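What you see is a predicted model, and the numbers here were worked out from it, not measured in a lab.
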Amino acid sequence: MFNKACSQVRESIYGVIGSSQVNAKRVSCTNATAFMIAPGVLCTAAHFIHVENNRSKPIHTSFEAIRAPDIGQKMETAKLIAEESNRDIALLRIDSPHSNI
């Protein structure tokens with residue numbers, strides 16, 4: 001039973017990357033895990049969406065996500081929906097998710 005649950009949960013686990021051009025020579029990237037909580041909606045840590053994982057710095061300008069079973073495939077573009085910094089939660093949206101799980 002646990003094994004089946006784990007394989008189903010894996011379908012909803014995502015790796016996410018946030019990136020921003022800091023200056024002409026430097027791009028800042030951070031990564032995190034996210035979970036699909038509704039079709040196309042990912043929940044992740046709010047500190048991740050900021051440059052250098054620092055809430056006092058700007059929010060990254062672009063986000064990409066990849067579902068755990070799809071590692072090695074093309075990443076999906078994600079957009080920030082909302083941030084709740086007090087609870088360290090951020091929501092991202094994938095416009096054309098490869099899965100609804």
Side-chain angles (χ1 to χ4, degrees):
M1 186 156 110
F2 181 72
N3 192 25
K4 182 179 178 186
C6 287
S7 65
Q8 290 173 339
V9 168
R10 185 174 185 265
E11 300 290 320
S12 65
I13 299 172
Y14 280 73
V16 288
I17 296 174
S19 60
S20 295
Q21 186 77 39
V22 176
N23 58 42
K25 296 183 180 182
R26 184 169 167 250
V27 173
S28 175
C29 295
T30 56
N31 60 11
T33 2
F35 301 91
M36 185 174 282
I37 58 171
V41 179
L42 305 179
C43 182
T44 189
H47 66 267
F48 148 75
I49 67 170
H50 293 270
V51 172
E52 298 175 1
N53 290 330
N54 185 334
R55 290 186 198 152
S56 67
K57 296 201 175 185
I59 292 174
H60 281 297
T61 56
S62 66
F63 298 97
E64 293 181 295
I66 186 138
R67 201 169 58 108
D70 299 333
I71 298 293
Q73 304 298 315
K74 185 178 179 201
M75 295 187 80
E76 301 175 70
T77 300
K79 296 176 186 162
L80 179 65
I81 298 172
E83 172 188 15
E84 173 53 69
S85 58
N86 291 335
R87 291 187 172 91
D88 198 25
I89 295 172
L91 299 178
L92 301 172
R93 175 176 302 285
I94 299 172
D95 288 332
S96 301
H98 295 154
S99 171
N100 287 329
I101 297 175

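What you find for Ile59 and Glu83 is that their closest heavy atoms are CD1-OE1, 3.8 Å. The shortest non-hydrogen separation linking Gly40 to Pro97 is CA-CG, 3.9 Å. Between Ser20 and Thr61, the shortest heavy-atom distance links the atoms OG-N, 3.0 Å. Closest non-hydrogen pair, Glu76 versus Ser96, comes out as OE1-O, 3.0 Å.
Using a 4.5 Å heavy-atom cutoff, the side chains of Lys79 and Asp95 are in contact. With a 4.5 Å cut-off on side-chain heavy atoms, Val16 and Phe63 do not count as touching. You'll find the side chain of Glu84 reaches within 4.5 Å of the side chain of Asn86, heavy atoms only. In this structure, the side chains of Tyr14 and Leu92 stay at 4.5 Å or more apart for every pair of heavy atoms.
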Acceptor/donor pairs from residues 25-38 side chains to any protein atom, 3.5 angstrom cut, sequence neighbours excluded:
from  : atom 1 : to    : atom 2 : distance (Å)
Arg26 : NH2    : Glu52 : OE2    : 2.7
Thr30 : OG1    : Phe48 : O      : 3.0
Thr30 : OG1    : His60 : NE2    : 2.9

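Cluster annotation: Met75 and Ile71 are assigned to the same hydrophobic cluster (Ile/Leu/Val/Met/Phe/Trp/Tyr, side-chain heavy-atom contacts under 4.5 Å, transitive).
With sequence neighbours left out, the side chain to side chain donor-acceptor pair (under 3.5 Å) criterion links Asp88 to His47, Arg55.
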